[in-house]
Every structure is written in structure tokens, then in C-alpha cells.
Amino acid sequence: MPDERYDPAQVEPRWQERWNQAGAFKVAEDPGKPKYYCLEMFPYPSGRIHMGHVRNYSIGDGLSRFLRMRGFNVLHPMGWDAFGMPAENAAIAHDSHPATWTYDNIDFMRAQLKKLGFSYDWERELATCDPSYYRWEQRVFIEMWNRGLVYRKKTLANWCETCKTVLANEQVEQGLCWRCSQPVAQKSIASYFFKITEYAEELLEWLDKMPGWPERVLTMQRHWIGKSYGAEIVFPLWDHPGEIKVFTTRADTLFGATFMSLAPEHPLAVELSQGTGQEQAVKDFIDKVKRQSFADRADEKNKEGVFTGVYCKNPVTGFKMPVFVANFVLMEYGTGAVMAVPTHDQRDFEFARKYGLELKEVIVGPEGPMGVENMTQAFTDYGALINSGKFDGMTSADAKRAIAAELAGQGLGKETVNFRLRDWGISRQRYWGAPIPMIHCDKCGLVPVPMDDLPVVLPLDAQLPPTGGSPLPHLEDWLKVACPSCGGQGRREADTMDTFVESSWYFARYSCPDYGDGPLDPERSGYWMPVDQYIGGIEHAVLHLLYSRFFTKVLRDLGYLKVDEPFTKLLTQGMVIKDGSKMSKSKGNVVDPDEMVKRYGADTVRVFMLFAAPPERDLDWSEQGVEGASRFLQRLWRVATLVAGQSAAGEALPANGLAEGPLKDLHAKTHETIKKVSEDIAERYQFNTAIAAVMELVNQISLVEQDEALAGAEGRAAALREAVEAAVTLISPMAPHIADELWERLGGEGFLIDRPWPVYDDKALVKAEKLVVVQVNGKKRAELTLPAEAGDQAMKDAALADPKVQSFLEGKPVKKVILVQGKLVNIVV
RNA sequence: GCGAGAGUGGCGGAAUUUGGUAGACGCGCUGGACUUAGGAUCCAGUGGUUCACACCGUGGGGGUUCGAGUCCCCCCUCUCGCACCA
């Protein structure tokens with residue numbers, strides 16, 4: 001065999017071509033095999049694959065290939081999250097069209113992924129901007145509309161001026177737009193909403209039944225849903241018709257409520273102040289708050305408010321409570337109004353001190369009443385009630401229920417649950433998105449597009465206004481449409497859907513991307529769903545992963561899916577870091593995957609990505625580390641080609657076993673490695689330690705190969721071949737090209753992915769000798785090599801007889817000897 | 001403030017599932033072999049102090065145990081998420 005060097009530039013395209021020709025990664029439903037659906041988050045076609053993708057997809061591919069070899073029928077698809085704003089911006093910048101830009105990018109990125117050798121079933125590829133995809137989304141939208149799961153409402157919405165569109169609550173991060181990081185303003189606008197709140201309870205409950213998800217993602221979702229138990233209480237206005245409703249978790253403190261705080265956005269704020277002389281002051285205050293940035297308003301030091309001029313009545317004490325407007329009250333939470341109990345809520349306490357409002361102590365701790373004049377801060381713990389009429393002496397917990405019950409009897413309140421979760425606003429004033437299939441008719445109002453008229457195709461001949469914004473509201477020809485209800489002149493809805501809608505069900509569509517009779521083929525989606533393992537970045541912990549869970553439940557309730565949850569297991573992989581921070585254009589620390597593949601080959605890049613850190617942790621990019629991975633593959637190449645030239649496939653080990661020595665050790669190492677790699681991947685997704693184990697095996701092969709003393713030893717060729725075949729097979733999920741190449745050179749047939757994963761032989765793991773560690777008082781003092789069959793007594797005797805050990809015993813009486821099965825002796829003196 | 005996760009050689013990281021040889025594997029470094037040459041390849045060494053014996057060593061401090069990186073309590077630091085949630 002000529003000393004041919006490993007050249008990935010030769011090897012990799014050849015195998016990619018062969019896999020492609022053979023349709024090696026095509027899958028179909030097969031009731032005879034257990035199915036496994038392995039999915040990585042699909043990319044936005046921004047132009048180029050980045051290292052984060054490579055890491056994400058290397059993990060998914062390693063797992064997919066491994067499981068397929070383990071006998072699973074593995075679905076492993078890929079597609080494109082193809083709607084979205086960057087396409088519009090790029091189109092304006094390059095005087096092109098979002099569709100052209102998007103599809104060009106998809107072509108380029110698909111080629112990049114193919115060069116990395118991922119085992120996708122490309123026949124299932126889908127792009128969400130394709131009408132054959134979003135038509136079904138439009139259909140689901142209409143079915144949701146018919147069921148009351150979608151409604152349209154004019155509300156104060158999060159408006160991003162830069163993106164010229166509204167945003168869902170989830171898409172506002174600390175007052176900034178999730179996409180462009182510009183401040184988000186409030187704007188009154190009509191939007192369509194998905195009633196995700198209808199599923200709040202179920203979304204929350206299922207979090208307890210998802211052991212395959214990381215705890216922190218579950219926690220983030222729990223918090224986002226934000227269920228809290230409390231009461232709704234009605235405060236009648238003083239000498240005035242009307243009332244103010246509040247939500248409180250502390251109904252037990254009701255007797256201490258001495259004033260009322262409204263959110264500046266509360267409709268009653270302006271209304272109540274009319275004609276009180278406070279009208280102007282209230283208006284000025286609201287204006288001021290509106291101008292405040294999110295951060296200023298949230299600042300602890302800026303708690304302020306203004307009196308509205310009116311009062312309301314505490315329903316249990318009859319206390320005349322002044323009604324304030326306060327900047328710390330949030331319209332989005334509860335009812336937008338808060339009963340203020342300054343003695344038992346820190347914010348109310350500070351507010352009351354600032355504006356000279358009355359304090360009434362109603363909860364006491366074990367130390368008894370503090371006296372309001374002595375309070376330097378609110379007492380927010382639970383305790384026992386005082387100054388609360390017939391509820392005096394009750395515990396907070398009991399009183400909450402009792403007071404709510406009392407109020408309920410008078411029609412002034414009830415126990416209730418409140419969620420932080422708001423309905424999902426899905427209208428976007430953008431062009432490059434799925435059209436919302438609704439028609440506005442002056443006579444009939446909002447009418448859904450008839451099912452038979454779907455899809456409402458996004459008109460591709462639109463010209464994007466260079467100033468930004470959507471061209472759709474100006475496309476008269478497209479907008480004008482007959483009202484399906486009365487036949488009169490109607491107008492199409494010009495808003496498009498949030499692109500998170502597309503990504504909320506693409507995983508199910510992969511099961512049947514060509515299905516033409518509905519969103520999902522019941523048979524195929526029934527076979528494949530749910531996704532067994534989902535892999536992607538943590539940044540979607542709330543957004544995408546919550547929306548997808550919701551949409552899955554909706555699809556279930558519409559009869560399209562049989563599962564309750566979309567993703568059984570979730571793996572959130574860490575970021576790819578360079579020079580201490582995430583790779584980004586702005587930091588200038590981006591490493592281009594293409595360039596790395598060109599320089600080192602895809603297998604090397606993949607092995608490095610999997611080896612440098614466990615999947616969940618952040619990974620430090622290191623060019624030297626990549627070189628290390630490259631060296632390892634070269635080493636593997638060298639030992640394997642050498643062995644391929646020295647023996648033929650099927651070379652058998654001696655019938656009566658290998659003699660004690662390096663060859664038998666290698667045989668044992670081979671099977672230990674099979675065991676370790678299998679367990680590391682299957683149970684813990686620890687590709688890093690799996691690769692390390694193969695490295696050890698390769699190192700040992702190399703030593704045996706070079707050992708001249710073994711030149712004519714019986715079984716040498718067979719032991720080496722067995723070890724090399726194992727190494728090549730075990731590394732194949734991570735480095736598939738070189739593995740298939742070497743497999744062929746070793747005389748193997750077909751692709752490794754079609755071969756069964758190796759099984760270790762228990763007998764090979766049994767060794768003639770064992771290493772026993774001897775401790776004295778828990779400190780390691782000696783190592784003994786004993787025959788494997790040495791029993792407890794033999795171990796103990798050998799340990800005590802060891803001269804090194806004896807020097808530590810110094811004739812002291814042995815109190816106790818602890819033996820750990822075949823491994824360790826601890827002598828206590 | 002609340003929640004989650006993490007602190008181990010010069011570096012990335014093993015060992016934490018099940019308490020039992022701390023530092024696997026790789027990078028870097030040192031020495032050697034081969035060589036006209038080596039930034040290729042191969043071999044060996046590589047936690048610290050020490051000539052050695054030995055001692056010390058997993059963020060800090062306590063504890064449980066024959067034995068603790070691993071379990072328990074307290075504290076410190078870092079990362080991430082949420083953050084006026086009534």
C-alpha cells in the first residue's frame with residue numbers, strides 16, 4: 001500500500017456524491033422499526049452558514065447517524081425559516097426582491113450544508129415562504145378564527161419604529177426590539193391575536209411532565225406564563241357611579257388598603273379626573289410617563305404618581321381611598337389597577353410616605369404589632385390578621401380565602417387566578433410574510449377567505465418602498481376582492497403573519513412535506529411525531545419553544561395531530577465563542593465555516609466542534625484545537641491504511657484466543673472502547689468523551705503496529721484489524737467521510753450508516769490481572785497487580801504484605817480493613 | 001431582588017450518573033528519534049513544593065464518612081434568564 005496521505009479535499013466530495021447517488025439518507029415510515037425523529041432548529045437563510053449552525057448540526061448529525069446504526073428509523077430533515085425582515089432590507093439595499101435574495105441564499109447555504117456531509121433527507125426540504133407551505137398555515141388560521149382562537153382587536157401594541165411593525169410581548173426584551181434593539185413604543189393599532197392564554201393552564205401543567213427538557217428552559221417558561229393565585233376585588237367609586245377592579249395576591253391585607261393606584265394607560269385615569277380640577281395634572285403626568293424610557297420608568301427611584309381627584313370605597317372597611325395614577329403600575333398585568341396597602345407592600349409604603357397617605361397595620365408577625373409610626377419599611381411576610389374585623393387572628397393563608405369568599409357573597413370579588421402570559425399578537429405590518437387570509441367588508445365586517453380560495457399568495461410583483469414599510473397596503477389590484485359573504489367590494493388584509501407562526505409547526509410538516517390534502521397527513525405525521533430530540537440554541541427558550549408548544553396543542557384540538565407536546569427531549573447547545581465573546585460581525589471575530597472546511601475538511605471541523613466541549617457548554621474556538629482534530633484524523637488514516645494493506649477483511653482471531661500481552665490488551669481495549677463510545681453517545685450525548693475514547697484506541701493501535709517484538713505474533717493482523725475496524729466505525733457518526741473511505745479501503749462494503757453499530761463482547765473485557773489500590777487511612781499508598789481471580793482475603797493479605805504499606809502501618813494495630821470489590825483496599829489503623 | 005447553571009493544571013476539558021487511584025483526551029510546553037531541513041511524523045515527559053522521602057492540591061470555611069471534586073450546611077465569585085407581576 002503506497003503511503004498515501006489523507007486528503008479530505010479528495011475524500012469528502014467523493015462520498016457526498018455517493019451518498020447522494022444512493023439516496024443514503026432517504027427515509028420512509030417503517031412500522032417494523034422503532035422511529036426516531038431527530039431535529040435541529042432550521043436556519044434563517046441569512047446568506048451563509050455560521051459556526052453556531054455547524055455546531056448545532058454536527059451534534060444532530062452525530063446523534064442521527066448513531067441511532068440509525070443502532071436500528072432506529074431516523075427522520076432527520078432540514079429546511080428554511082424563509083420569511084422575515086432581513087430579506088426586505090437586503091432587497092432594498094441591493095435593488096432586488098426578497099424572494100430572489102431568499103432563494104439565492106437558500107441555494108448557497110444548502111450547498112454549504114452538503115459540503116459538511118450532514119445526513120439530511122433532502123427530499124423533505126421545505127421553505128416557509130413557499131405557498132405550498134403557508135397555504136396550510138392560512139387554513140389553520142381560518143379554522144382557529146372559526147373556533148374563536150383568533151380575534152382582532154385594537155389595542156396598545158408594541159411598535160418598533162425601525163422595523164415599522166408591531167411586536168408580540170415575547171419579542172420585546174427590556175423595552176427593546178428583539179431584532180434591532182431599538183426602543184419599543186406603544187401605539188394604538190388593530191391586530192390579530194392568537195388566544196394562547198386559553199392554553200395557559202395546559203402549557204404550564206405540561207412543563208411538569210417534560211423530563212427531557214433542561215430545567216432552566218422549563219423555569220423560564222413557567223415564569224413567562226406566570227400563574228398566580230389571588231382574588232379579584234371590586235372597589236366602588238365614592239359618590240360616583242362605576243367601580244375599579246383590582247387583582248391581588250394578598251386579599252388578607254384588604255383591611256389595610258388605604259388608596260388606589262392606576263396604570264397611566266388605564267382608561268379610567270383620564271376619565272375619572274375630568275372636572276375634578278386634577279384633569280390637567282393627570283394628563284401632564286401621563287404624558288410625562290409616556291415620554292419616559294423603559295429604563296427610566298422601571299427605575300426604583302422614580303416611583304411617582306398624581307391624585308386623580310376622586311375616591312373609591314374599601315369594600316370591607318368603607319375607607320375613603322384616594323385614587324392615584326402611578327407610573328409603577330403596569331397596564332399589562334392584572335387589571336391595570338392595584339389596591340395599595342402601604343403597611344404590607346414596599347412600593348406602596350414608599351409611595352404613601354412620599355405623598356403623605358395613611359397607613360393601617362393589619363398583619364402582624366410573631367413579635368406582634370409594630371405600630372405604623374415605627375415602620376421603616378413594609379412588613380411583607382405572612383402573619384396573623386389584626387384590625388380586620390371578624391377576620392382578626394386568622395392566618396394570612398386562611399384569611400385570603402375567607403375574605404374572598406365574603407366578598408363573593410356580596411358580588412364584590414372572587415378568588416381567581418391570574419396569568420402573566422398575554423395573547424400572542426401575530427399581525428406584522430410587513431411584506432415578506434404569510435398573508436393573513438382575511439377580508440374587510442364594509443357591510444359584513446371581517447370575513448375569512450373561503451378555504452377553496454387558499455392560498456392567498458403573497459404578490460411577488462410588489463415594489464418595496466425605499467423608505468421601508470410594506471407595499472401591500474398600496475397594491476390596489478391585489479387588495480380589491482369580492483366579499484365572500486355579500487359579494488360586494490372587499491379589501492384584503494394587508495398585514496402578514498409573525499414569522500414565528502411558520503416555525504411553530506414546520507417540524508410536523510417535515511413528516512409529509514408534499515401532502516396536498518391538508519396541513520398534515522394523519523398517517524405520516526402520526527408515525528413520526530413527536531420530535532424525539534430537538535436541538536438548538538437557548539435563545540428560543542421562551543419565544544419559539546413556547547409558540548410551538550401552543551401551536552401543537554391547537555393542531556391537536558383541530559384534529560391534525562395526536563400529540564400533546566412537540567418535542568420530547570430538548571438539547572440547548574452552547575454558543576461558539578472566540579476571544580471571550582460570541583462570534584459576531586460587529587466584534588469582528590467570525591470564523592467562516594467554508595474556509596475551515598476548505599483548509600481542514602468537514603470531518604475535522606465536525607470532530608473539533610464535538611470534541612472541544614460537551615454540547616450544552618459554550619465552546620471556545622481554537623485554531624490549534626482544529627489542528628489537533630486534523631492530526632487525529634491523519635493518525636487514524638495512517639494506522640487504518642497500514643492495516644488495510646497487511647490483512648484482508650474477515651481475518652479471524654485465533655480460535656484458542658490471544659496470548660497474554662499487547663495483542664490481548666488491544667483486543668480488550670477495542671471492546672472497552674465500543675462500550676464507552678456507545679454509552680457516552682446514547683446516554684449522555686457526550687461526544688467529547690466518546691471521541692477521546694477513540695483517540696485512546698487509535699494511540700494503542702499505533703503502538704502495537706510499531707512494536708517490532710510482535711512482528712510474527714499469532715493473531716497480530718486480526719487483532720489490529722478488529723481494532724481499526726472498530727475505530728473507523730465508532731468515529732463514523734462524527735467523521736463520516738473519512739470513516740466510509742477507510743471502511744472501503746479495509747475491504748468493507750456499502751456505507752457505515754447502513755451497518756449495525758458494533759456490540760462489545762463481555763468476554764473480551766475480562767482481564768487476567770487487576771489493579772488494586774491500597775490505601776492507609778484513606779490515603780493511596782500502593783498499587784498492586786493481582787490475578788483477576790484474587791478474592792477478598794487474597795487482596796487483603798497482599799495489601800498487608802506490601803513493604804510500602806507496612807512502612808505506613810509501623811506496627812500500629814489494624815482497626816479495620818475496607819474492601820471495594822476487586823478495586824481497592826483501605827486499611828484503617 | 002428572584003430563578004437556573006458553573007468555579008478542577010499554562011489552556012479546552014475528564015472523573016460528579018453509583019462517594020473509592022483527581023487531572024482521561026486534546027492543545028501548549030520540554031526532551032529525544034528520523035532528517036539537508038522541520039512549523040511534517042514518531043517516542044517520552046509534563047498539577048505544585050522537594051535532591052529525595054514526603055507533603056500540598058478540585059473557589060473559601062465547616063460537617064458526615066474508613067474514604068469527599070462528588071453528599072450536607074454557610075460564604076465568595078462568575079455566566080445566563082427574568083426583573084416594579086400587585
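Reminder, nothing fancy here: chain letters follow the sequence lines and each chain counts from 1. Note that these values count all heavy atoms, side chains included, but never hydrogens, waters or copies made by symmetry.
- For the OP1/OP2 pair of B:C25 and a distance below 4.0 Å, the side-chain nitrogens and oxygens of A:Asn688 include no atom meeting the criterion.
- A:Arg638 places its CZ atom 8 Å from the C1' atom of B:C42, with the value rounded to the nearest Å.
- As rounded to whole Å, 16 Å separates atom P of B:G81 from atom CD of A:Gln221.
- As judged by a 4.0 angstrom heavy-atom cut-off over every strand, A:Asn699 is placed among residues touching the sugar-phosphate backbone only.
- Backbone-only contact: A:Arg635 has heavy atoms under 4.0 Å from sugar-phosphate atoms and none from a base.
- Across all strands, A:Gln775 comes closer than 4.0 Å to base atoms (heavy-atom distances).
- Here A:Asn826 lies in heavy-atom contact (under 4.0 Å) with a base.
- Heavy atoms of A:Gly625 sit nowhere under 4.0 angstrom from any nucleic acid atom.
- Between A:Trp424 and A:Tyr547, the ring-plane angle classifies as parallel under the 30° and 60° cut-offs.
- In this structure, the nucleotide among B:G20, B:A24, B:A86 sitting nearest to the side chain of A:Thr689 is B:A24.
- The side-chain tip of A:Arg5 does not point at the ring of A:Trp637 from less than 6.0 angstrom away and within 45° of straight on.
- At whole-Å resolution of the value, CZ in A:Phe611 and P in B:G12 are 14 Å apart.
- Put simply, the side chain of A:Arg401 reaches to within 4.5 Å of the side chain of A:Glu415, judged on heavy atoms.
- Across B:C43, B:A83, B:C66, the shortest atom-to-atom separation from the side chain of A:Arg420 is found for B:A83.
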Exercise. Could you go step by step and tell me if A:Leu570 and A:Val217 meet the side-chain contact (heavy atoms from CB on, under 4.5 Å) rule?
Worked result: CA-CA 9 Å; A:Leu570 174 69; A:Val217 176; 4.0 Å; yes
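- Contacts of A:Leu771 with the nucleic acid, taken as non-hydrogen atoms under 4.0 Å apart, include base atoms.
- The side chain of A:Arg631 has B:C27 as its nearest neighbour among B:A86, B:A4, B:C27.
- When heavy atoms are screened at a 4.0 angstrom cut-off, A:Gln686 is found touching the sugar-phosphate backbone but no base atom.
- When each of B:C66, B:G13, B:A4 is scored by its nearest atom to the side-chain atoms of A:Ile818, the top-ranked nucleotide is B:C66.
- B:G31 takes the anti form, because its glycosidic angle lies more than 90° either side of 0.
- Remark: the separation of the C1' atoms in B:C71 and B:U77 is 23 Å, to the nearest Å.
- Look at NZ on A:Lys816: it is 10 Å from P on B:U65, rounded to the nearest Å.
- When distances run from any side-chain atom of A:Ala612 to the nucleotides B:G12, B:U41, B:A86, the shortest one goes to B:G12.
- The residue among A:Leu619 and A:Thr335 whose nearest nucleotide of RNA chain B is located toward the 5' end is A:Leu619.
- Among the protein residues, A:Pro214 comes within range of no part of the nucleic acid, since none of its heavy atoms lies under 4.0 Å from any strand.
- With a 3.5 Å ceiling on both atom-pair distances, the Watson-Crick or G-U wobble partner of B:G12 is B:C25.
- For A:Ile403 and B:A86, the CD1 to P distance is 17 Å, given to the nearest whole Å.
- Phosphate contact (OP1/OP2 of B:C56, side-chain N/O of A:Lys779, threshold under 4.0 Å): present.
- Contacts of A:Glu783 with the nucleic acid, taken as non-hydrogen atoms under 4.0 Å apart, include base atoms.
- Note on A:Arg781: only backbone sugar-phosphate atoms sit closer than 4.0 angstrom, heavy atoms only; bases stay farther off.
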Exercise. Between A:Asp797 and A:Gln793, is a side chain to side chain donor-acceptor pair (under 3.5 Å) present by the stated rule, with each step listed?
Worked result: CA-CA 6 Å; A:Asp797 292 347; A:Gln793 193 58 45; 3.1 Å; yes
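- Rounded to whole Å, the distance from CH2 on A:Trp178 to C1' on B:G81 is 17 Å.
- Note: A:Phe687 and A:Phe611 fail the aromatic proximity criterion, with ring centroids not under 6.0 Å apart.
- Aromatic ring pairs are classed by plane angle as parallel below 30°, tilted from 30° to 60° and perpendicular above 60°; the pair A:His540 and A:His544 is perpendicular.
- Here A:Ser702 lies in heavy-atom contact (under 4.0 Å) with sugar-phosphate atoms only.
- If you check B:A54 for Watson-Crick or wobble pairing at under 3.5 angstrom, you find it paired to B:U49.
- Taking the six-membered ring where the residue is Trp, A:Phe351 and A:Phe328 present perpendicular rings, their angle passing 60° and hence far from 30°.
- A close approach under 4.0 Å does occur between a side-chain nitrogen or oxygen of A:Arg684 and OP1 or OP2 of B:A15.
- Using a 4.0 Å heavy-atom criterion, one finds that A:Ser622 contacts no nucleic acid atom at all.
- Among the protein residues, A:Val329 comes within range of the nucleic acid bases, having at least one heavy atom under 4.0 Å from a base atom.
- In this structure, A:Met220 places its CE atom 19 Å from P of B:C85, rounding to the nearest Å.
- Straight-line distance between the C1' atoms of B:C82 and B:C75: roughly 25 Å, to the nearest whole Å.
- Heavy atoms of A:Asp618 sit under 4.0 angstrom from primed sugar atoms or phosphate atoms, though from no base atom.
- Residue A:Leu176 contributes atom CG, which lies 11 Å from atom P of B:A83 at whole-angstrom precision.
- Picking from B:C43, B:G20, B:G26 the nucleotide with the shortest atom distance to the side chain of A:Met695 gives B:G26.
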